[in-house]
Amino acid sequence: MIFNMKRIKVGVIGVGHLGSLHAKIYRDIEGCSLEGVCDTDKNRLKEVSGALGVAGCADYRELFDKIDAVSVAVPTKWHHKIAEDFLKHNIHALVEKPFTPTLQEADSLIKLARQNKLILQVGHIERFNSAFAATLKLIRNPKFIECHRLSPFPNRSLDVGAVLDIMIHDIDIILGLVNSGIKQIESVGINVLTKFEDIANSRITFKNGCVANLTASRISDEVMRKIRIFQENTYISLDYKDAKASVYKKGAFKITKEELPIEKEQPLQKELASFIDCVTNRKEPLVSGEIAREALRVALEIQNQIWKK
């Protein structure tokens, strides 16, 4: 809930598929006003700015004195430079995932945000999925976690491989669920349509004994976003795509199944509303730069294992 009546002025850098959704949602969020969008593709910029009725610019620096907060939804290699420039101008930033290409760049942004007392949030959207939120209170000391994240070839986000593009969502979720350090990571993957890995699998063994098996593919003929969590006497199945959750419990000589009631909401809308709330009320983001850095660290280790092979 936003208590401060001051409207947060927001801009969006990069209005491709995801950035245009950011802009559209910001326009309708209570407590903020969309002041401008930016993109180097003049045709795309004209299309989006015209449809939303907001100013458009090709140079993001034109927004420095016009906004309080920004969404950075450009190719990953530009995340650090653009986010850094806004943070230096005391503008709060939401950076889409993957956070940055390197840990050094992530650390630089975290340090800068901390020094300037700014909100730095990273776009790990599954944290805001209603199915995940509904089961979070039921998850206790997982023993085995299995994730499948499959999709057709996207024709976008091709400056990174499947690990940083899609598997990182599940890495972030798993690290948040398993309260333990990592003992071992074993990963394999292959490239099919790009120079990066398009299919990847990783097995993460934690020091407390929990094992997580993650599979990611961006060349599948179907869309699947599922996670299965096994713990003592309980098995939880989540479908992120359809926002469904089932809980199986062991009873006296039988297994019972319960479908959890899920209020289907738009995760991106919840994520951006939460960002505005954090900016307005100076609250710690659900996915801060520090949290996103840990997911990035693990993702980079998985990626590097694959590339070395």
hydrophobic_cluster_shared for I166 and Y240, side chain cutoff 4.5 Å: no
Shortest non-hydrogen contact from V223 toward P152: CG2-CD, 3.6 Å
Salt bridge (charged side-chain N to carboxylate O under 4.0 Å, His left out) between K283 and D277, intermediate numbers included: CA-CA 7 Å; K283 294 165 56 177; D277 183 25; 2.8 Å; yes
Heavy-atom check, side chain of L18 versus side chain of E96, under 4.5 Å: yes
Where A299 and L164 come nearest, the two heavy atoms and their spacing: CB-CD2, 3.7 Å
Side chain E197, main chain A162, donor-acceptor under 3.5 Å: yes
Test item: H79 side-chain N/O and V74 main-chain N/O as donor-acceptor pair under 3.5 Å: yes
Heavy-atom pair with the smallest gap, counting every atom of E259 and S246: OE1-OG, 2.8 Å
E271 and Q269, any side-chain heavy atoms less than 4.5 Å apart: no
Pairwise side-chain contact, R228 with K226, heavy-atom cut-off 4.5 Å (strictly under): yes
Cationic N near anionic O, under 4.0 Å, K77 to D159: no
Audit row: L103, R293, side chain to side chain contact (heavy atoms under 4.5 Å, CB included) steps and yes/no: CA-CA 7 Å; L103 292 179; R293 186 214 188 263; 4.0 Å; yes
Worked check of side chain to side chain contact (heavy atoms under 4.5 Å, CB included) between I171 and I302: CA-CA 10 Å; I171 294 170; I302 292 170; 3.8 Å; yes
Sidechain-backbone polar pair: N201 side chain, A216 backbone, donor-acceptor under 3.5 Å: no
Atom pair CD1 (I291) and CD (E284), whose distance is rounded to the nearest 0.5 Å: 7.0 Å
H148 side chain to R225 backbone, donor-acceptor under 3.5 Å: no
Q231 side chain vs L138 backbone, donor-acceptor pair below 3.5 Å: yes
Salt bridge (charged side-chain N to carboxylate O under 4.0 Å, His left out) assessment of D68 paired with R7: CA-CA 9 Å; D68 306 304; R7 295 178 68 82; over 6 Å; no
Mutual orientation of the aromatic rings belonging to F230 and Y235 [parallel < 30°, tilted 30-60°, perpendicular > 60°]: parallel
D242, CG: over 12 other non-hydrogen atoms inside 6.0 angstrom: yes
Short side-chain donor-acceptor distance under 3.5 Å, E232 and T234: no
Residues W78, I13; criterion side chain to side chain contact (heavy atoms under 4.5 Å, CB included); working and verdict: CA-CA 11 Å; W78 297 110; I13 314 304; over 6 Å; no
Hydrophobic cluster identity match, F132 and L214, side-chain contacts under 4.5 Å: yes
E35 and S33: CA distance, side-chain angles, deciding distance, side chain to side chain donor-acceptor pair (under 3.5 Å) verdict: CA-CA 6 Å; E35 296 296 316; S33 61; 2.7 Å; yes
Worked verdict on E294 versus R297 for salt bridge (charged side-chain N to carboxylate O under 4.0 Å, His left out): CA-CA 5 Å; E294 183 61 13; R297 182 187 69 80; 2.6 Å; yes
Common cluster, I185/I199, ILVMFWY with side-chain heavy-atom separation under 4.5 Å: no
D172 side chain to H124 backbone, donor-acceptor under 3.5 Å: no
Side-chain donor or acceptor of N304 paired with backbone N/O of L300 under 3.5 Å: yes
Q104 and H80 side chains, donor-acceptor separation under 3.5 Å: no
Heavy-atom pair with the smallest gap, counting every atom of C278 and Q121: SG-OE1, 4.5 Å
Least distance between heavy atoms, S108 atom then E84 atom: OG-OE2, 4.0 Å
Salt-bridge contact R61-D85 (side-chain N to carboxylate O under 4.0 Å): no
Inter-residue atom distance L272.CG - D28.CG, 0.5 Å rounding: 11.0 Å
Transitive ILVMFWY side-chain link Y248 to L238, under 4.5 Å: no
Worked verdict on E265 versus S130 for side chain to side chain donor-acceptor pair (under 3.5 Å): CA-CA 6 Å; E265 300 172 296; S130 52; 5.2 Å; no
Heavy-atom pair with the smallest gap, counting every atom of G14 and V12: O-CG1, 3.6 Å
Shared hydrophobic cluster, V163 / F99 (ILVMFWY, side-chain heavy atoms < 4.5 Å): no
Heavy atoms from other residues, nucleotides or ligands near CD of E222 exceed 12 (cutoff 6.0 Å): yes
T215 side, atom OG1; D170 side, atom CG - distance, nearest 0.5 Å: 9.5 Å
Side-chain donor-acceptor pair present, R44, S20, cut-off under 3.5 Å: yes
K137 atom NZ, neighbour heavy-atom count above 12 within 6.0 Å: yes
Working for salt bridge (charged side-chain N to carboxylate O under 4.0 Å, His left out), residues K97 and E126: CA-CA 11 Å; K97 63 83 202 165; E126 297 296 20; over 6 Å; no
Whether over 12 other heavy atoms sit under 6.0 Å from N141 CG: no
Gap between atom CD1 of I227 and atom CD of E146 - 0.5 Å precision: 10.0 Å
Side-chain donor/acceptor of D239 to backbone N/O of K244, under 3.5 Å: no
Side chain to side chain, V10 and V70, heavy atoms closer than 4.5 Å: no
Whether S220 side chain and S217 backbone form a donor-acceptor pair below 3.5 Å: no
Side-chain donor or acceptor of D198 paired with backbone N/O of L193 under 3.5 Å: yes
Pair S187, Q305: side-chain N/O donor-acceptor within cut-off below 3.5 Å: yes
NZ (K9) with more than 12 external heavy atoms under 6.0 Å: no
Any side-chain heavy-atom pair of I145 and C147 under 4.5 Å: yes
Working for side chain to side chain contact (heavy atoms under 4.5 Å, CB included), residues V188 and I306: CA-CA 5 Å; V188 294; I306 292 171; 5.6 Å; no
Interatomic distance, F275 atom CZ to L120 atom CG [nearest 0.5 angstrom]: 8.5 Å
Other residues, nucleotides, ligands: >12 heavy atoms within 6.0 Å of K183 NZ: no
Distance, nearest 0.5 Å, that separates OG of S71 from CG of L34: 9.5 Å
